[in-house]
Amino acid sequence: MIEARRLHILRAVADHRTVTAAAAALYLTPSAVSQQLTALEQETGHRLVERGAKGVRLTAAGEILLNHTNAVLAQLERAEAELAAYGSGEAGTVTVASFATGIALVVAPAVARLAVTSPGIRIRVQDAEGDASLPMVLDRQVDVAVAVEYRGAPPADDPRLTHVPLYAEPFDAVVPVSHRLAEAGEVPLAELAKDPWIGPYPGNPCHEVVVLACENAGFQPGLEHSSDDFRAVVALASAGAGVALVPRSALIGMDLAGVVVRPVDGVAPTRRVFAAVRRGAEGHPLIRPVIEALAGAAESGT
């Protein structure tokens with residue numbers, strides 16, 4: 001008989017690609033993870049992982065089991081949801097991880113909605129970028145992630161996750177007031193190819209959106225200044241340090257005295273935001289109202 005908790009460890013190893021990283025995500029020791037993998041191999045009668053200089057990879061048998069693991073764990077999430085519904089499930093804590101602008105735009109309004117519609121649900125919020133929040137959901141560190149689509153992100157049909165679209169917003173060009181394009185109605189990105197750029201660090205989903213937009217315009221942005229805080233990005237642009245692309249909602253309430261904000265000419269780069277939960281958990285009586293509140297807040301705020 002295969003133990004479900006060992007399947008969870010197998011998936012963590014597949015996701016993180018090293019025993020050490022999987023152990024850290026699961027709050028276990030590397031030796032405990034290795035022992036559980038060995039026990040799982042004994043249960044199945046197959047070698048499931050191979051260790052190499054670059055980490056751990058699944059064998060063919062391991063890949064087969066992983067495909068079934070995603071289905072099994074999703075079904076267990078559904079079972080927990082139904083049992084929670086049977087036991088009323090009207091009170092409890094749900095942890096939501098989101099990037100800062102998402103917290104302001106949809107998470108905080110959702111918390112306010114839930115205080116009225118589902119007062120028994122307590123929300124705990126953690127600030128985390130999209131590239132961090134999705135692994136946190138898969139590793140059961142949080143229940144819900146509010147994340148951004150980016151290259152390399154789990155796709156919408158990922159068997160481990162259920163995606164719920166929330167909103168999409170364009171990136172606007174932010175240039176110093178003294179910039180040669182400050183009077184333009186719209187800014188062609190190609191015209192900024194030789195400018196110094198300010199933007200998020202690699203790994204931040206918004207970094208990927210900016211780089212891809214510039215690549216589509218025919219150039220690689222010369223990122224001379226890096227910050228994941230868009231207030232810092234705008235402040236640097238105000239000082240004449242460079243140009244930037246910033247999500248429109250991130251500019252709300254900022255001091256824009258030293259910059260000009262203009263829409264991008266043509267197809268604007270877009271930040272697409274979604275909520276994600278472990279597949280099967282979307283029907284949980286605590287999680288379902290949270291997703292509905294997030295979707296309602298997104299609809300009202302965009």
Side-chain angles (χ1 to χ4, degrees), residues 97-107 109-110 128-134 144-158 161-175 181 184-193 195 197-221 223 226-234 237 242-254 256 259-276 291 294-302:
S98 172
F99 57 100
T101 309
I103 291 174
L105 196 62
V106 294
V107 178
E129 293 296 338
D131 59 322
S133 63
L134 294 176
V144 182
V146 175
V148 178
E149 291 182 4
Y150 61 96
R151 286 188 294 188
D157 60 353
D158 190 297
L161 296 167
T162 293
H163 284 223
V164 179
L166 294 178
Y167 65 92
E169 62 173 329
F171 282 64
D172 289 325
V174 177
V175 302
L181 295 178
E186 295 181 332
V187 173
L189 281 186
E191 295 294 320
L192 302 177
D195 283 88
W197 278 73
I198 314 158
Y201 284 100
N204 185 312
C206 288
H207 173 91
E208 298 297 327
V209 174
V210 170
V211 170
L212 181 60
C214 292
E215 288 177 354
N216 290 338
F219 69 98
Q220 286 280 343
L223 284 163
S226 298
S227 175
D228 288 334
D229 185 338
F230 284 117
R231 291 185 181 276
V233 170
V234 171
V243 300
L245 289 175
V246 177
R248 188 164 291 171
S249 67
L251 295 167
I252 297 173
M254 281 196 195
L256 303 175
V259 297
V260 172
V261 178
R262 294 288 184 264
V264 173
D265 184 31
V267 179
T270 302
R271 175 160 74 171
R272 302 185 188 281
V273 180
F274 62 94
I291 295 173
L294 289 169
E299 185 176 356
S300 298
T302 56

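- A distance of 13.0 Å separates CD of E149 from CD of E208, quoted to the nearest 0.5 Å.
- P263 approaches R248 most closely through the heavy-atom pair CB-NH2, 4.4 Å.
- Contact check for F171 versus V264: no side-chain heavy atoms found under the 4.5 Å cut-off.
- A donor-acceptor pair is defined here as one N or O able to donate and one able to accept, closer than 3.5 Å; no such pair exists between the side chain of E191 and the backbone of L181.
- In this structure a side-chain-to-backbone donor-acceptor pair under 3.5 Å is missing from T270 to R272.
- Between S98 and the choices V273, V106, L294, I103, the side chain to side chain contact (heavy atoms under 4.5 Å, CB included) rule is met once, by I103.
- Residue F274 holds its CZ atom at 4.5 Å from CG of L134, rounded to the nearest 0.5 Å.
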Problem set entry | Verdict with reasoning, V243 to W197, per side-chain contact (heavy atoms from CB on, under 4.5 Å) | CA-CA 5 Å; V243 300; W197 278 73; 3.7 Å; yes
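- M254 and A250 get closest at one heavy-atom pair: CE-O, 2.8 Å.
- Between H207 and Y201 the shortest side-chain heavy-atom distance does not fall below 4.5 Å.
- Smallest separation of non-hydrogen atoms from D229 and R231: OD1-N, 2.8 Å.
- A217 and A190 get closest at one heavy-atom pair: O-CB, 3.9 Å.
- Screening V234, V246, L251 for a side chain to side chain contact (heavy atoms under 4.5 Å, CB included) involving V259 leaves a single residue, V234.
- A173 and V187 get closest at one heavy-atom pair: CB-CB, 3.9 Å.
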Exercise. How far apart are the C-alpha atoms of R271 and T101, what are their side-chain angles, what is the distance that settles it, and do they pass the side-chain contact (heavy atoms from CB on, under 4.5 Å) test?
Worked result: CA-CA 11 Å; R271 175 160 74 171; T101 309; 3.5 Å; yes
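- For the pairing with V174, the side chain to side chain contact (heavy atoms under 4.5 Å, CB included) check across L245, V260, V261 returns one residue only, V261.
- For the pair V233 and A244, the tightest heavy-atom approach, listed with the atom from each and the gap, is CG1-CB, 3.5 Å.
- Separating the CG atom in L223 from the SG atom in C214 is a distance of 7.5 Å, to the nearest 0.5 Å.
- P200 pairs with exactly one of C206, S226, P205 by the side chain to side chain contact (heavy atoms under 4.5 Å, CB included) rule, that one being C206.
- With values rounded to the nearest 0.5 angstrom, F99 atom CZ is found 9.5 Å from N204 atom CG.
- Applying the side chain to side chain contact (heavy atoms under 4.5 Å, CB included) test between L166 and each of I291, L105, V146 identifies V146 as the sole match.
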